[in-house]
Engineer: 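Please find one structure pasted underneath; my questions will follow.
When a ligand or atom number is given, it counts from 1 through the structure's own listing order. We count residues from 1, following the sequence as given. When reading the values below, keep in mind they use all heavy atoms of this one structure, side chains included, and skip hydrogens, waters and symmetry mates.
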Amino acid sequence: MTVPGPIAFCHQLLRELVKRGDVVVDATIGNGHDTLVLAELVGPDGLVYGFDVQQSAIQATSARLEAKGFEQRARLVNVGHEQAFALVDVHHRRSLRAVVFNLGFLPGGDKSVATEAGTTVAALSSLTPLIADGGLLLLVLYNGHTGSLDEIDAVLKWCGRLDPSQFLVASYGYVNRPNNPPFAIVVEKLAQ
Ligand code: SAH
């Protein structure tokens, strides 16, 4: 076997956790790779809410879902994740099985449109209370875009303030790779 990178590791966790009929959020759909995995896992009775500030990300993700016939499983919205809370149906609140963030910029796209500390933390603060007991918040963080160090710092501080009786927080990534490789943060919402 090969030790998985952070994205593959997150996908393994999602495959273990997310079941048919679940409702999940992809907070940064980008090219739609995570959205597709989530749509496959929630099945025809489930729902993936997807958010991105770039219309090109919505288009790329829609095309990826349509190619598999999964377009009915996702609700893709061209707004920032800091506004996502209001767009999650009231009856889906507190029942999200997973919320995933793949931060940074759209690969192959406009590098100047990257996630930022302020809006990322606003989205984390508003969406995390919607996660079901036993559900996961997954983040993949990058060091490279403008403001990325501030974003990493803000996310780690935010995670460090989570109540340990309610959340388990872990990090995962390669430690001997060049060029600041991405790493994952996994937050489990503990059953109360
Ligand atoms: N860097 C990753 C992909 C990240 S894609 C990789 O290499 O695989 C990150 C996505 O977040 C981009 O499509 C970007 O448009 C989107 N984004 C930036 N700010 C956002 C915000 N406030 N809300 C939602 N999406 C945002």
Engineer: Are more than 12 heavy atoms from other residues, nucleotides or ligands located less than 6.0 Å from atom NZ of K157?
Structural biologist: no

Engineer: Please report the interatomic distance CG(L76) to OG1(T61), rounded to the nearest 0.5 Å.
Structural biologist: 6.0 Å

Engineer: Is atom CD of E116 surrounded by more than 12 heavy atoms (other residues, nucleotides or ligands) closer than 6.0 Å?
Structural biologist: no

Engineer: Is a side-chain N or O of R73 found less than 3.5 angstrom from the main chain of A39, in a donor-acceptor match?
Structural biologist: yes

Engineer: Taking the side chain as everything from C-beta on, heavy atoms only, tell me whether L130 gets closer than 4.5 Å to Y49.
Structural biologist: no

Engineer: Nearest to atom 22 (N) of ligand 1, what protein heavy atom do you find, and at what distance?
Structural biologist: E82 OE1, 3.0 Å

Engineer: Assess R161 against F167: is NZ or CZ under 6.0 Å from the centre of the six-membered ring, and within 45 degrees of the ring's axis?
Structural biologist: no

Engineer: Which residue and non-hydrogen atom of the protein lie closest to atom 9 (C) of ligand 1, and at what distance in Å?
Structural biologist: N102 O, 3.3 Å

Engineer: At what distance is the nearest protein heavy atom to atom 21 (C) of ligand 1, and which residue and atom is it?
Structural biologist: H81 NE2, 3.4 Å

Engineer: Consider every N or O of T28 and every N or O of ligand 1, then say whether any pair is closer than 3.5 Å.
Structural biologist: no

Engineer: Output yes when the distance from some N or O of ligand 1 to some N or O of P107 is under 3.5 Å, and no in every other case.
Structural biologist: no

Engineer: Is it true that, when you exclude E16 itself, more than 12 heavy atoms of the residues, nucleotides or ligands shown sit nearer than 6.0 Å to its CD?
Structural biologist: no

Engineer: Can you tell me which residue and heavy atom of the protein come closest to atom 8 (O) of ligand 1, and the distance to 0.1 Å?
Structural biologist: Y142 OH, 3.4 Å

Engineer: Run the numbers for me: atoms of ligand 1, each under 4.0 Å from some heavy atom of G30, listed by number.
Structural biologist: 13 (O)

Engineer: May I ask you to identify the nearest protein heavy atom to atom 12 (C) of ligand 1, giving residue, atom name and distance to one decimal place in Å?
Structural biologist: D52 OD2, 3.5 Å

Engineer: Donor-acceptor check, side chain of D22 to backbone of K19, threshold 3.5 angstrom: yes or no?
Structural biologist: yes

Engineer: Check P182 against ligand 1 and report side chain, backbone, both or neither, counting heavy atoms closer than 4.0 Å.
Structural biologist: neither

Engineer: For ligand 1, is A27 a contact, meaning one of its heavy atoms is under 4.0 Å away?
Structural biologist: yes

Engineer: With a cut-off of 4.0 Å, which atoms of ligand 1 are near a heavy atom of L103?
Structural biologist: 1 (N), 2 (C), 3 (C), 4 (C)

Engineer: Mind checking whether F105 has an N or O less than 3.5 Å away from an N or O of ligand 1?
Structural biologist: yes

Engineer: Who's the nearest protein heavy-atom neighbour of atom 26 (C) of ligand 1, and how far?
Structural biologist: V53 CG2, 3.7 Å

Engineer: Quick check against the 3.5 Å criterion: does R93 have a side-chain atom that pairs as donor or acceptor with the backbone of P129?
Structural biologist: no

